[in-house]
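What follows is one structure encoded as structure tokens, with my remarks underneath.
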Amino acid sequence: MEIVWSHSFQLNGHCMNKKLELVPYEVTVRNPKKTTLVSCSLQNNATSFQLAKNPFEKSSYTHGFLTTKSVMDVSKVNSMVKEYTEDGFFEDAIRVYLDFIEYGFPVEFRFFPCLIKAYGGLCDVSKGKQIHGHLLKFGFLEDVYVKNSLLGMYWKCGAGGDAVEMFERMQERDLVSWNTMISGFCQSGDYVKSLTMFGRMVKERGGECPNRVAYLAALSSCGSIQCLTHGEEIHGFLVKNGLHSDEFLVSGLIEMYMKCGDIKNAENVFERIRDNDLVGRNRVVWNVMILGYVSNECLSLALDLFVEMLELGITPDSPTVVTLLVLCSQLLDLAVGKQIHGLILGLSLDDVRVGTALMQMYFKCGDPETGLQMFRRSQYYNLVMWGSVMSNCAQNGYPNEALQLFGEFMLDYGFPDPVILLAVLRACSFLTLKPRGMEIHGLAIKMGFDSDVFVGGALVDFYGKCGDMKYAQQVFHGLSTRDLVSWNALISGFAQNKCADEALMAFRDMQTEQIKPNTVTMACVLSGCSHLSVMILCKEVHCYLLRHWPETNALVSNSLISAYAKCGDIHSSWTVFEKLPVRDEVSWNSILLALGMHGHTNEMFATFEKMKEANLKPDHGTFTTLLSACSHAGKVDAGWKYFNSMMVDYTLEPRVEQYTCMVDLLGRAGYLNLAYDLIMTVPCSPDDRVWGSLLASCKHHGDTKLAEVVANHIFDLDPSSVGYRVLLANLYEDSGNLKEVSRVRTEIKYMGLKKQPGCSWIEVDNSIHIFVAGDHSHDQSEDIYATIEGLSLEMKRVGYIPQIQTASNDYWA
DNA sequence: GTAGGGTTAG
């Protein structure tokens, strides 16, 4: 086994709504595919981590080794302390020292700088305070080096307060003391205090010029809070002190300007040093410049600069290629991505970050198989990489793989982070795996991440998708902060579960809490309106959109087209469609669906032709819409034409939805055997809806014999199906086979099955009237039934056989 | 002997 590299990293504190300032230690091990946190203690919150112990850990120092082996030489002991600290084995470093003094050797000054660093590595203030006391006891606290080391130790342990307290009490401060404080504030995210400290330093040290360390930290703080004014001020200092060509400070300046979005000034700094033989050829300066362009979305400028860099013979390193891979992921440019991959292989640039970025690039650029392969073949693994692969699988249609990977991950690590929980919840959401997702919820609670805004949002979404709005609301109300995503998850949950009133209520509450809705919110709200089929709501939302969203947006407009159609106002749908400046596939699909739904079949066919003329590619959804409309309009020939065109002209393999439409089309038109044969040739396994459609057609055409065959297929797939048993019973009733009617109905009773009666409603003058079959509770029901009777007579007269539900529904009431 | 630049996941 070989330790490849080791470094410390910061657990992303923001995910937990708490600032985690302590730094765990991470070791990457070559060969065994695991990376494990070796030491990590999170002090400043209640969360306790069960950390997986690295089974491949470098053999540790054995207690008592010094005494038994008589390795007593002071300088040898000192170098052991140093070596262990450098390798990250802080406890061993400390043990060596403790053994040494326990054995009676005199405390020596030269141990301390390194020893204090080891205590810093433990990330445990209480232990850090022990060494502080120890130093006090032996009188080593007068030395400014020791004091500076202690300041650094406190910052590393996340105890900035202790560092500040000590710093303020220091009689004598040197440049390093100040720098430690400025960097300490900066690294723990307290950028304003870092800048304040920088200002104090300049003032209190009587105009003495700060060195590179202070300037770098100050510039980094300016960039992080996008404080251009102070950044420019520091730039001025640097020019005044002749430091503006220092290669470190040049990259610091460029980074600061880029983070502030001031590309012009970043370019000015870069242009000034470009021809400098030393700084102009500094790879980091180029990297910072390219990264700056990428983060400011100047993607082609970034790519140009990279090409120039290659032309000048400056060899890219891993940060360069990682940035370039991110760029490819944003451009969705697989071709360039593959070239970078080639470059990586040529330059042997393999580390965990390169591996992660490469994998991400393949996923984002539409080649998830290679992305997964990259992960499986990687030599390096860490939390980030695991998180990345699971998120990508969950988002790119591989939810089962995401769950499989999660299982493997848990065996290795034993604990997830918020990103991983988010990815797994998405997978469970996608697959509507309620019990599995609830296990994850339990885990999230155990880890203290359930109130995290991201995990919480995903939980709300998950429960919504699983149809459990009670739990979704419970999680939502337990969130400490609710962002747009969590509100959208709640509203979309209500909309999807047909709780349109609640969706609209949540939309109002959201605005009361001053959260600005986005396009996703509006699409969900409109979907709620269409479920209610209440026109006035639809209009209200449309007015809201006109007031608040002057610019048209595809997502929102498409939802509006569908919502108006579902509320019965096809003209408004058409107007919205006509006014769209740019129409995407979804816009065309929405208007086609609207036309089909309203029986405007010929207009729909014409619109489909226009869609093709506009060079938009029909997808599975388009054909489902077309076929479904053909089926309702009885247009068998047109249906066959589209079904074939789908396969021949657009190389779309029909899915179960399109087969269902075709079966429905043939069945309704009376070609029952043809429909049956079609089902038997379906390559994807037919579901109960395909068979159900044929059963309905059998009823319509009175084919009891085929109905029995079809029904058996359905009951094989779903033995508890009630609706289809009722349908079968009604079919027997139609054919006068009362014996069978009673058999099926007894069966339903015996099985304890109940059918939820369906209902219809209509909006008249802003009030909604609801009807169920055989219902006479409406105060105008006599008039209503008389009208139905009149209409049926009229239908019979023109040759239709009306299908009016008779009142015999008492057995399921 | 103390402080010390750039890159990855939702």
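The aromatic rings of A:Y154 and A:H132 are tilted relative to each other, their planes meeting at an angle between 30° and 60°. Between A:F406 and A:F409, the ring planes lie parallel to each other; the angle is under 30°, not in the 30° to 60° tilted range.
A donor-acceptor contact under 3.5 Å is not formed by the side chain of A:N211 with the base of B:dG4.
Atom OH in A:Y145 sits about 11 Å away from atom C1' in B:dA3, given to the nearest Å. The CE atom of A:M166 sits 15 Å away from the P atom of B:dT2 (whole-angstrom rounding). Going from atom CD1 of A:I290 over to atom C1' of B:dT7 covers 12 Å, rounded to whole Å. Here the C1' atom of nucleotide B:dG1 and the CG atom of A:L141 are 16 Å apart, to the nearest Å. Between A:M170 atom CE and B:dT2 atom P the separation is 15 Å, expressed in whole Å. In this structure, CG of A:D350 is placed 18 Å from P of B:dT8, rounded to the nearest angstrom. Whole-Å rounding puts the A:L421 CG to B:dA9 P distance at 18 Å. Nucleotide B:dG5 holds its P atom 20 Å from the CE atom of A:M258, rounded to whole Å.
Within the nucleic acid shown, A:D246 has no heavy atom closer than 4.0 Å to any nucleic acid atom. Within the 4.0 angstrom heavy-atom criterion, only backbone atoms of the sugar-phosphate kind lie near A:K364; the bases stay farther away.
Relative to the side chain of A:Q395, the nucleotides B:dG10, B:dG5, B:dA9 differ in distance, and B:dG10 lies closest. Closest approach to the A:V284 side chain among B:dG5, B:dG4, B:dA9 is made by B:dG5 (side chain taken as heavy atoms from C-beta onward). Among B:dT2, B:dG6, B:dG10, the nucleotide with an atom closest to any side-chain atom of A:L291 is B:dG6. Among the nucleotides B:dA3, B:dG5, B:dG10, the one closest to any side-chain atom of A:F248 is B:dG5. The side chain of A:D143 has B:dG1 as its nearest neighbour among B:dG1, B:dG5, B:dT7. Closest approach to the A:S251 side chain among B:dT8, B:dT2, B:dG5 is made by B:dG5 (side chain taken as heavy atoms from C-beta onward). Nearest nucleotide to the side chain of A:V213, out of B:dG5, B:dT7, B:dA3: B:dA3. With B:dT7, B:dT8, B:dG1 as the choices, the nucleotide that has an atom nearest any side-chain atom of A:P113 turns out to be B:dG1. In this structure, the nucleotide among B:dT2, B:dG6, B:dG5 sitting nearest to the side chain of A:P319 is B:dG6. In the set B:dG10, B:dA3, B:dG5, B:dA3 carries the atom at the smallest distance from any side-chain atom of A:T180.
Contact between the side-chain N/O atoms of A:Q187 and the OP1/OP2 oxygens of B:dA3 is not found at any separation under 4.0 Å. Close to B:dG10, at under 4.0 Å from its OP1 or OP2, lies a side-chain N or O of A:Q360. Here A:K259 does not reach the OP1 or OP2 of B:dG6: none of its side-chain N or O atoms lies under 4.0 Å away.
For the pair A:K129 and A:D162, the salt-bridge criterion is met [side-chain N within less than 4.0 Å of a carboxylate O]. Salt bridge absent: A:E401 and A:R376 never bring a charged side-chain N and a carboxylate O closer than 4.0 Å. Electrostatic pairing of A:D143 and A:K147 does not count as a salt bridge here, judged by no charged N lying under 4.0 Å from a carboxylate O.
With A:F112 as the partner, the ring pair (Phe, Tyr, Trp, His ring centres under 6.0 Å) test is satisfied by one option alone out of A:F138, A:F140, A:Y145: A:F140.
Here A:F109 does not count as stacked on B:dG1, because the ring centres are not under 5.5 angstrom apart with planes under 30°.
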